[in-house]
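The structure appears below as structure tokens.
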Amino acid sequence: QVQLVESGGGSVQAGGSLRLSCTVSGASSSYNRYCMGWFRQAPGNERERVAVAADSTFYADSVKGRFTISHDSTKNTLYLQMNSLKPEDTAMYYCAADPSAFGSVGFCYARLKSGYWGRGTQVTVSS
């Protein structure tokens with residue numbers, strides 16, 4: 001049973017930083033790397049793709065230059081380093097993974113939507 005557990009969320013002031021972690025357990029992948037990503041959803045908004053780790057890396061325009069996605073395969077943990085946080089970054093952040101797939105950003109994004117998801121970690125940025 002694949003499980004994803006997010007951590008690292010919290011409340012910060014605008015301009016601050018947070019690092020989110022997502023630990024993946026129960027995954028036996030034939031890939032050294034596999035489709036992984038971060039999404040977020042603010043109240044009243046649709047779920048938004050934030051960053052996707054595939055054969056290349058995707059960032060939403062709203063976070064480009066401020067957020068960095070990375071993966072430590074030795075710890076089976078996905079990270080999202082968030083710098084220069086803005087109030088509009090306030091949302092529940094979710095990680096997603098599909099250990100059975102790897103490929104382009106578009107391919108991984110499609111697979112992640114039906115892949116494994118964590119329960120989320122709340123990020124609140126005050127002005």
Side-chain angles (χ1 to χ4, degrees):
Q1 180 79 16
V2 178
Q3 291 187 323
L4 282 67
V5 179
E6 302 98 335
S7 61
S11 298
V12 296
Q13 289 192 325
S17 297
L18 285 172
R19 188 176 79 156
L20 305 184
S21 300
C22 172
T23 301
V24 182
S25 61
S28 57
S29 176
S30 58
Y31 297 96
N32 290 327
R33 299 166 61 193
Y34 49 86
C35 299
M36 305 186 80
W38 288 97
F39 298 76
R40 67 186 181 187
Q41 187 167 19
N45 290 359
E46 292 187 353
R47 188 176 64 192
E48 175 188 16
R49 179 175 46 167
V50 176
V52 174
D55 59 1
S56 60
T57 304
F58 164 87
Y59 293 100
D61 287 342
S62 58
V63 307
K64 210 171 282 185
R66 300 187 297 121
F67 290 12
T68 303
I69 188 172
S70 62
H71 180 234
D72 186 337
S73 59
T74 64
K75 298 180 179 179
N76 226 0
T77 299
L78 181 70
Y79 300 100
L80 185 68
Q81 178 66 44
M82 306 186 296
N83 299 326
S84 302
L85 282 161
K86 304 175 181 181
E88 50 264 41
D89 294 318
T90 295
M92 184 72 79
Y93 283 71
Y94 301 90
C95 67
D98 185 342
S100 68
F102 187 70
S104 68
V105 168
F107 173 77
C108 278
Y109 176 52
R111 293 296 294 255
L112 289 175
K113 286 190 287 185
S114 58
Y116 298 94
W117 288 73
R119 294 187 174 184
T121 185
Q122 178 68 37
V123 171
T124 302
V125 185
S126 57
S127 57

For this session: Mind checking the CH2-CZ spacing from Trp38 to Phe58? Nearest 0.5 Å is all I need.
Result: 16.0 Å
For this session: May I ask whether Val24 and Val50 are part of the same hydrophobic cluster, defined by side-chain heavy atoms of I, L, V, M, F, W, Y residues being less than 4.5 angstrom apart, directly or through others?
Result: yes
For this session: Spell out, yes or no, whether Tyr34 and Val2 are grouped together once hydrophobic residues are joined by side-chain heavy atoms under 4.5 Å, including indirect joins.
Result: yes
Problem set entry | Under-4.0 Å salt bridge between Asp89 and Lys86 | no
Exercise. Parallel under 30°, tilted from 30 to 60°, perpendicular over 60°: which one fits the rings of Tyr109 and Phe39?
Worked result: parallel
For this session: To the nearest 0.5 Å, tell me how far Asp55 CG sits from Phe107 CZ.
Result: 10.0 Å
Problem set entry | Val125 with Met92, same ILVMFWY side-chain cluster at under 4.5 Å | no
Exercise. Which pair of heavy atoms, one from Gln41 and one from Arg47, lies closest together, and at what distance?
Worked result: NE2-N, 3.7 Å
Exercise. If Ile, Leu, Val, Met, Phe, Trp and Tyr residues are connected whenever their side-chain heavy atoms lie under 4.5 Å apart, and connections chain through other members, are Leu4 and Leu80 in the same group?
Worked result: yes
Exercise. How long is the gap from CZ on Phe67 to CG on Leu18, to the nearest 0.5 Å?
Worked result: 9.0 Å
Exercise. What closest approach, in Å, do Pro87 and Ser127 show between heavy atoms, and which atom pair accounts for it?
Worked result: CG-CB, 3.9 Å
For this session: Measure the spacing between CD1 of Ile69 and CE of Met36 and express it to the nearest 0.5 Å.
Result: 7.5 Å
For this session: Run through Thr90, Leu20, Val63, Asn45 and flag the one making a side chain to side chain contact (heavy atoms under 4.5 Å, CB included) with Arg40.
Result: Val63
Exercise. Ignoring hydrogens and geometry, is there a side-chain-to-backbone donor-acceptor pair from Thr77 to Thr23 under 3.5 Å?
Worked result: no
For this session: Could you grab the distance from atom OG of Ser104 to atom CZ of Arg111, nearest 0.5 Å is fine?
Result: 11.5 Å
Exercise. Is a donor on one side and an acceptor on the other found under 3.5 Å between the side chain of Glu6 and the backbone of Arg119?
Worked result: yes
For this session: Using modelled atom types only, decide if a donor and an acceptor are shared between the side chain of Arg33 and the backbone of Ala54 within a distance under 3.5 Å.
Result: yes
For this session: Tell me, yes or no, whether the heavy-atom count around Tyr116 atom OH, taken from other residues, nucleotides or ligands under 6.0 Å, exceeds 12.
Result: no
For this session: Rounded to the nearest 0.5 Å, what's the gap from CZ on Arg19 to OG on Ser7? Could you check?
Result: 9.0 Å
Exercise. For Cys108 and Ala53, which heavy atoms make the closest approach, and how far apart are they?
Worked result: SG-O, 4.4 Å
Problem set entry | Sidechain-backbone polar pair: Trp117 side chain, Leu112 backbone, donor-acceptor under 3.5 Å | yes
Exercise. Is the number of heavy atoms from other residues, nucleotides or ligands within 6.0 Å of CD (Glu48) greater than 12?
Worked result: yes
